[in-house]
There are 2 protein chains.
Amino acid sequence: MDNPRDRVLNTASLLFHQQGYNSTGINQIISEAKVAKASFYQHFKSKDDLCIAFLTSRHAFWFSELRAYTQDSASHKQSILTAFDFIISMNQKEDFRGCSFLNILSELSKKQDAILSVIQSHKNDLRKFLTEILGEGLLAAHIYLLFESAIIESQLFRSNELVLKSKEIVNHII
Amino acid sequence: MDNPRDRVLNTASLLFHQQGYNSTGINQIISEAKVAKASFYQHFKSKDDLCIAFLTSRHAFWFSELRAYTQDSASHKQSILTAFDFIISMNQKEDFRGCSFLNILSELSKKQDAILSVIQSHKNDLRKFLTEILGEGLLAAHIYLLFESAIIESQLFRSNELVLKSKEIVNHII
DNA sequence: CATTAAACAGACAAGTCTGTCTGATTAGTG
DNA sequence: CACTAATCAGACAGACTTGTCTGTTTAATG
């Protein structure tokens, strides 16, 4: 929170999440982070570079929160059900802004394949997270797909309705 | 294809799909559509107005294609399975660009709630489409969630892998 | 206390954006 | 042929974009 790099990263996280990547300018970021432009470009060589730093830190944050949320579960089934509660908790905390990674995915052009790779990695890690709990079969893919749409649909409708429905469905199929 | 309004709409559809909404400027649209700027603003009172016109026409196009694709199916189950083939066919035709509606959703600011409504309507109609085939229960929601993630994940990974997995899953649960 | 590195403010270039406006040209109709 | 409405080209305003650059100030360390 103290040094300029962290201030930029924190501010950018908020703004990218609230306004989207392309709608958030460097000038707004540095002004709200109270950092000089020259300092910004000392730490990040471009806006896309900042984007990758943001996604990397978001990745670490998001997974550590997910693990913290689910680790106390008594069973594998309970872990998975709690993961859906985690979505609800994030929706509440972040006002239904959905998934940072998928939001940025929609804004990418073909030249930004470095960013695409970071997004794909993140989702591959989520698939791994579920596979470690559920094994290699179709079930893990099934849950992954439901988990993804639960996030997106709650963003779309600004509501947890479909997260709760997903959880109910998951409760039947595990 | 002849009149300026249609030329704008067709060009915008392509460009919004390929580059995203915020990354596509009016100037590029009118230049590629070979329409004067004054003519553009005679037909659309703003870029957001064009966006709504685009989504409206996309909605009509997409549903008519989906219905054409699924109507010959022998059973309800077959209709649903064929709907997943429709995703594959669209991915091929449109190079894994995903869902126009969800792509634009990620780019919206709070002030653009008119556009949000159009997107929500579209998805509500998709839910209705599935409910008409499958009835009101959890199953329709279940298929809807798998359908949505099948589209998104194929965009993310530029691959039909998870569409095919979804179809396999659907084949088990119906 | 002097030196060095980092952060500061902010002008600037070169380009983008949306939307308005002027004025010329075309096409269709009475 | 004359009138009307649509379309044309493109300048323009005003604000925005990313990234570079100059020069000043602050903070830490030998």
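Here is how names work: the chains are called A, B, and so on, in the same order as the sequence lines, proteins then strands, and each is numbered from 1.
- Among C/dT18, D/dC8, D/dT18, the nucleotide with an atom closest to any side-chain atom of A/K47 is D/dT18.
- The side chain of B/S46 lies closest to C/dG19 when the candidates are C/dG19, D/dA9, D/dT7.
- The separation between A/N22 atom CG and C/dC17 atom P is 12 Å, rounded to whole Å.
- When rounded to the nearest whole Å, the span between CD of B/Q28 and P of C/dT18 equals 10 Å.
- Of the side-chain N and O atoms in B/H43, none sit less than 4.0 angstrom from OP1 or OP2 of D/dA6.
- What separates CD of A/Q19 from C1' of D/dC16 is a distance of 14 Å, to the nearest Å.
- Closest approach to the B/A38 side chain among C/dA9, D/dG10, D/dT18 is made by D/dG10 (side chain taken as heavy atoms from C-beta onward).
- Spacing between atom CZ of B/F40 and atom P of D/dA6 amounts to 17 Å, rounded to whole angstrom units.
- Contact annotation for B/K34: backbone-only contact, meaning every heavy-atom pair under 4.0 Å involves sugar-phosphate atoms and none involves a base.
- Taking side-chain N and O atoms only, A/S39 has no distance below 4.0 Å to OP1 or OP2 of C/dA6.
- Here CD of B/Q78 is found 8.0 Å from CG of B/D85. Values are rounded to the nearest 0.5 Å.
- Atom CD in B/Q42 sits about 19 Å away from atom P in C/dT18, given to the nearest Å.
- Checking D/dA6, D/dG19, C/dC21 against every side-chain atom of A/Y41, the shortest atom distance belongs to D/dG19.
- From A/I104, atom CD1 reaches atom CD of B/E107 across 11.5 Å, with rounding to the nearest 0.5 Å.
- In this pair, A/F101 and A/H122 present their aromatic rings parallel. The plane angle is below 30°, not in the 30 to 60° band.
- A donor-acceptor contact under 3.5 Å links the side chain of A/K37 to the base of D/dG19.
- In this structure, OH of B/Y21 is placed 12 Å from C1' of C/dC17, rounded to the nearest angstrom.
- The distance from atom CD1 of B/I29 to atom P of C/dT18 is 7 Å, rounded to the nearest whole Å.
- A cation-pi arrangement, defined by a distance under 6.0 Å to the six-membered ring centre and an angle within 45 degrees of its axis, is present between B/R127 and B/Y144.
- Backbone-only contact: B/T24 has heavy atoms under 4.0 Å from sugar-phosphate atoms and none from a base.
- Going from atom CD1 of A/I87 over to atom CD1 of A/I151 covers 4.5 Å, rounded to the nearest 0.5 Å.
- If you check C/dT20, C/dC17, D/dT18 against the side chain of A/N27, the one that comes closest is D/dT18.
- The CD1-P distance, from B/I30 to C/dT20, rounds to 13 Å in whole Å.
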